[in-house]
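Have a look at the structure below, then the notes.
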Amino acid sequence: DGGITQSPKYLFRKEGQNVTLSCEQNLNHDAMYWYRQDPGQGLRLIYYSQIVNDFQKGDIAEGYSVSREKKESFPLTVTSAQKNPTAFYLCASTGHPQETQYFGPGTRLLVL
Amino acid sequence: GQQVMQIPQYQHVQEGEDFTTYCNSSTTLSNIQWYKQRPGGHPVFLIQLVKSGEVKKQKRLTFQFGEAKKNSSLHITATQTTDVGTYFCACTSGTYKYIFGTGTRLKVLA
């Protein structure tokens, strides 16, 4: 069953804590993405990666970090520097430039 | 940077009424994609338009790409409760970067 998996579905973060959101795909896609969605809002690009060991900042990268050590995996770390991290985080991938983006089910991050 | 604006932000319709959402850009787009996100779900790809003036249909959904490739629309005929959700347009900026519109949230009243 091919697709994108994200875990966990819900995540709670304490003040000053770093948390890592997982994203795995078995679609053999080169490019992967992280978006943030706030209630009633659109999608804002955090980071994207076109190829293994390479990634670029999106529009709201401050307070976030990523790695792309494997083609299948693109984890996102929400650092303590991100002062307002409560949001819905969506991971996506695409196989070819300008083609369909496939999204994972998302992770909801809440700050305690 | 490149932006795409969508209107309206919200739309409530009675079941059976038509619905249209518009996507506008100040720059010429190479393509436009449309996605649907059900409440609590993730965006799902609907269609991609590439050619100037292109019109594509999927059952009750009609998608158009403007002649100048700066705007696009999604029209739903005779809405049903299953059409509820947020509809996003998206374009590519550069090779792999995507820019999403602000979305139109559709509510259908039975």
Side-chain angles (χ1 to χ4, degrees), chain A residues 2-7 9-10 21 23 25 27 29-52 54-61 66 68 71 74 87-108, chain B residues 1-12 21-25 28-51 56 58 63 65 69 84-107:
Chain A
I4 301 177
T5 56
Q6 290 186 243
S7 61
K9 188 172 182 179
Y10 296 95
L21 284 60
C23 177
Q25 55 100 356
L27 301 168
H29 285 172
D30 286 321
M32 296 186 74
Y33 305 77
W34 275 105
Y35 294 92
R36 170 179 171 144
Q37 186 174 34
D38 292 282
Q41 302 297 314
L43 305 176
R44 291 187 291 170
L45 182 63
I46 305 173
Y47 269 98
Y48 66 107
S49 168
Q50 298 179 16
I51 199 168
V52 174
D54 185 48
F55 47 83
Q56 286 78 41
K57 291 182 178 180
D59 300 317
I60 55 165
V66 293
R68 187 87 188 274
K71 188 175 185 177
F74 191 41
F88 187 41
Y89 291 87
L90 288 157
C91 179
S93 71
T94 186
H96 298 283
Q98 304 189 10
E99 290 196 354
T100 306
Q101 284 211 304
Y102 294 87
F103 285 84
T107 293
R108 294 191 186 275
Chain B
Q2 187 170 27
Q3 290 185 328
V4 285
M5 304 300 296
Q6 266 186 269
I7 55 171
Q9 189 175 4
Y10 301 97
Q11 185 83 59
H12 294 183
T21 174
Y22 300 90
C23 184
N24 300 295
S25 170
T28 302
L29 304 171
S30 58
N31 59 32
I32 194 85
Q33 297 178 345
W34 286 93
Y35 293 80
K36 176 183 179 181
Q37 183 178 25
R38 294 183 184 274
H42 59 276
V44 174
F45 175 79
L46 294 176
I47 209 158
Q48 176 167 273
L49 305 172
V50 178
K51 300 177 183 177
K56 287 188 177 181
Q58 290 179 350
F63 304 84
F65 201 8
K69 300 182 74 173
V84 165
T86 302
Y87 293 85
F88 293 98
C89 63
C91 65
T92 51
S93 175
T95 304
Y96 271 109
K97 188 177 179 181
Y98 293 73
I99 307 295
F100 279 79
T102 47
T104 296
R105 186 183 297 179
L106 172 64
K107 287 193 175 181

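Remember, it's a predicted structure, so these values are computed and weren't measured experimentally. Chain letters run A, B, ... following the sequence lines, proteins first and then strands; every chain starts at 1.
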So with a 6.0 Å cut-off around NZ of B:K107, is the heavy-atom count from everything else above 12?
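No - once you tally the heavy atoms of other residues, nucleotides and ligands closer than 6.0 Å, there are 12 at most.
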So which part of [X] gets closer than 4.5 Å to some heavy atom of chain B, the side chain, the backbone, both or neither?
{"X": "A:Y48", "result": "side chain"}
{"X": "A:L43", "result": "both"}
{"X": "A:Q37", "result": "side chain"}

What residue, out of A:G106, A:A31, A:G104, has the most heavy-atom pairs lying under 4.5 Å from chain B?
A:G104
Between chain B and each of A:E99, A:Q41, A:H96, A:R44, count heavy-atom pairs under 4.5 Å; write down the option with the most.
A:E99
Taking side chain as everything from C-beta outward and backbone as N, CA, C, O, which of these in B:Q6 sits under 4.5 Å from a heavy atom of chain A? Side chain, backbone, both or neither.
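Neither part.
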In terms of heavy-atom proximity below 4.5 Å to chain A, should B:T86 be classed as side chain, backbone, both, or neither?
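Neither the backbone nor the side chain of B:T86 comes within 4.5 Å of chain A.
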With a 4.5 Å cut-off on heavy-atom pairs, point out which of B:Y35, B:F88, B:Y96 contacts chain A the most.
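Going by pairs under 4.5 Å, I would pick B:Y96.
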Could you give the distance from CG (A:L21) to CZ (A:F74), rounded to the nearest 0.5 Å?
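Spacing of CG (A:L21) from CZ (A:F74) equals 12.0 Å.
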Whether the A:Q101 and A:Y35 side chains hold a donor-acceptor pair (N or O, under 3.5 Å, no angle test) is what I'd like checked.
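A donor-acceptor contact under 3.5 Å links the two side chains.
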Name the orientation class of the two ring planes belonging to A:F103 and B:F100 (parallel below 30°, tilted from 30 to 60°, perpendicular beyond 60°).
perpendicular
I'd like to know whether B:K56 forms a side chain to side chain contact (heavy atoms under 4.5 Å, CB included) with B:L46, so could you lay out the CA-CA distance, the side-chain angles of the two residues, the decisive distance to 0.1 Å, and finally the verdict.
CA-CA 11 Å; B:K56 287 188 177 181; B:L46 294 176; over 6 Å; no
Just by distance, do the side chain of B:T92 and the backbone of B:Y98 share a donor-acceptor pair under 3.5 Å?
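Side chain of B:T92 to backbone of B:Y98, a donor-acceptor pair under 3.5 Å: no, none is there.
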